[in-house]
Chemist: 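Before anything else, here's the structure in question.
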There are 2 protein chains.
Amino acid sequence: MARPRQYDPETLRAAVVSAARGLLEEGGPPALTARALAQASGATSGTIYASFGDLHSVLIEVNRDTFRELGEMIDALPDAPPEPWLYALAEAYVDFMLERKGVWRGLFEGDRVTDVFPQWYMAAINALLAKIAHPIAALAPSENAAERAEELFISVHGVVALAAIGRLDMVSPRSPKALAHAAVNTMLSALKEASDA
Amino acid sequence: MARPRQYDPETLRAAVVSAARGLLEEGGPPALTARALAQASGATSGTIYASFGDLHSVLIEVNRDTFRELGEMIDALPDAPPEPWLYALAEAYVDFMLERKGVWRGLFEGDRVTDVFPQWYMAAINALLAKIAHPIAALAPSENAAERAEELFISVHGVVALAAIGRLDMVSPRSPKALAHAAVNTMLSALKEASDA
DNA sequence: ATCCATTTCTGAACATCGTTCTAAAATATT
DNA sequence: AATATTTTAGAACGATGTTCAGAAATGGAT
């Protein structure tokens, strides 16, 4: 007793999120417009709004996908001793984000909309921080590994933040990877200095 | 033989730039609209466009002011030995930027528009990097102080980048200042470790 | 068979955005 | 007075996110 669904809801959502990722990669957050999304996903803007509510919710779903991919990428890193593994993680993280500059901008640009982030959001970040903290704890048992992990992540974030918006060359001629490597190296040196003293 | 100027050009430009800073502080880059700027500066959008060309040029002028203020702030820092001076610089930088979150977003959000930045832009950044490098060179003469300065700046930038958009709490419960302090501490420890070895 | 209730979907409409450009305003010169 | 010249005002254009009235498409009731 109703007009039949023209789109399977889950298929539509997947198509919209996929189209959104494409638009983000093409032109960053400004390219993620309702009309372009409608065109690229095959639905009309009204249908998209019926499913997602607003464009920001589409972005959130892209971010969810991105976190999942990031987790898979990290899990696929080959096992290695703490130090080389930490270097590998930092460089893989830089590669991952800089292959997705538009998505990165979607994650970190714009007004903070919600007071509380979705729990999967925080869980993904905490999982990443835990993966950083693990080798640090192995290398320097007397240190607060969780805090050192936060600091190291933030340092690498600084590199990616500048590189993703094309402004790293304002600060350094070195590559993002080289600078991420240096950030890990500095943290490792500091850990050694702390255990020496 | 012409309609007389209704605004002194320099006064108008100053009023527009000042109004732009206010709008940025109120609501970040999205609040910097031509119509709001016209309202706040007392001119019409047409007049503003005649003077600045486009809104991005207004933002550039705000940034110029900001760099000038930042330089003055640093010059006003009390003299101190290298280590405490570096801590003081990092914390003052964090304070400066987080008191100007909207301006910070104007500096670091959005598409990179020009291939080449204005020379005063690069000069301001290089001056800041040199001020960071100076105490590092004093503490660790055998190190490449310029490179260490770049790395330290980028680490502190990571802190400010997250704090300015209200997302630092996703990564750490600590304050921006505490994290900036930790970044300096880590770099100083690494320098000591390097000179030990 | 016809009509209707119900749900899904479309796209026109609204306010706002950056930007452009026409024309009004205001003077100096002829 | 008329005109040329420059400055200013603000309407207009195409775009944006979002809403919403109605078209479309069915199953059930008559």
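Every value quoted in this text rests on a predicted model; they were computed, and no experiment measured them. Only heavy atoms go into these numbers, but all of them, side chains included; no hydrogens, no water, no symmetry mates. Numbers restart at 1 for each chain; the letters A, B, ... are given by sequence-line order, proteins then strands.
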Chemist: Could you tell me whether the side chains of Tyr49(B) and Asp54(B) share a donor-acceptor contact shorter than 3.5 Å?
Modeler: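 Side chains of Tyr49(B) and Asp54(B): no pair found under 3.5 Å.
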Chemist: For Ser45(B) and Ala36(B), find the nucleotide of DNA chain C closest to each by heavy atoms; which residue's nucleotide sits nearer the 5' end?
Modeler: Ala36(B)
Chemist: Let me know the distance between CZ of Arg35(A) and P of dC17(C), rounded to the nearest Å.
Modeler: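 Computing the Arg35(A):CZ to dC17(C):P distance gives 16 Å.
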Chemist: Across the strands shown, which category fits Thr33(A) at heavy-atom distances under 4.0 angstrom: base, sugar-phosphate, nothing?
Modeler: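 Sugar-phosphate, no base atom in range.
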Chemist: Counting heavy atoms from C-beta on, name the nucleotide in dG10(D), dT10(C), dT19(D) closest to the side chain of Thr47(A).
Modeler: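 Output: dT10(C).
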Chemist: Any donor-acceptor pair under 3.5 Å joining the side chain of Arg3(B) to the base of dT27(C)?
Modeler: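 Under the 3.5 Å cut-off, the side chain and the base do not form any donor-acceptor pair.
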Chemist: Within this structure, what is the CZ-to-P distance between Arg5(A) and dA25(D), rounded to whole angstrom?
Modeler: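 Those two atoms, CZ and P, are 17 Å apart.
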Chemist: Taking the basic N atoms (NZ, or NE/NH1/NH2) and the acidic carboxylate oxygens, is any pair closer than 4.0 Å for Glu109(A) and Arg167(B)?
Modeler: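 Between Arg167(B) and Glu109(A) there is no salt bridge, as every charged N stays at least 4.0 Å from the carboxylate O atoms.
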Chemist: Could you check how far CZ of Phe52(A) sits from P of dG17(D), rounded to whole Å?
Modeler: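 Distance, rounded to whole Å: 15 Å.
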Chemist: Can Glu150(B) and Ser172(A) be counted as having a side-chain donor-acceptor contact under 3.5 angstrom?
Modeler: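 Result is yes, a qualifying pair exists.
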Chemist: Roughly how many Å is it from OH in Tyr49(B) to C1' in dT7(D), rounded to a whole number?
Modeler: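 Rounded to whole Å, this separation is 18 Å.
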Chemist: Quick one: on DNA chain D, does Ala34(A) or Pro4(A) contact a more 5' nucleotide (nearest heavy atom)?
Modeler: Ala34(A)
Chemist: What I want to find out is whether Glu10(B) reaches Arg13(B) closely enough, with some N-O distance under 4.0 Å, to be called a salt bridge.
Modeler: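 Answer for the salt bridge query: no.
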Chemist: For Tyr7(B) and dT6(D), what is the distance between atoms OH and C1' respectively, to the nearest whole Å?
Modeler: 15 Å
Chemist: How long is the line joining CG of Leu37(B) and C1' of dT19(C), in whole Å?
Modeler: 14 Å
Chemist: Compute whether any side-chain donor of one residue and acceptor of the other, for Thr47(B) and Thr44(B), lie under 3.5 angstrom apart.
Modeler: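 Yes, side-chain donor-acceptor contact under 3.5 Å.
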Chemist: Assign Leu32(A) to base, sugar-phosphate, or nothing according to its heavy-atom contacts below 4.0 angstrom with the strands shown.
Modeler: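 The answer is sugar-phosphate, as Leu32(A) gets under 4.0 Å only of primed atoms, P, OP1 or OP2.
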Chemist: Which nucleotide in the list dT6(C), dT19(D), dT10(C) gets nearest to the side chain of Ala2(A)?
Modeler: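 Among the listed nucleotides, the one closest to the side chain of Ala2(A) is dT6(C).
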Chemist: Atom CD1 of Ile48(A) and atom C1' of dT18(D): how far apart are they, to the nearest Å?
Modeler: 12 Å
Chemist: Within this structure, what is the CD-to-P distance between Gln6(B) and dA25(C), rounded to whole angstrom?
Modeler: 13 Å
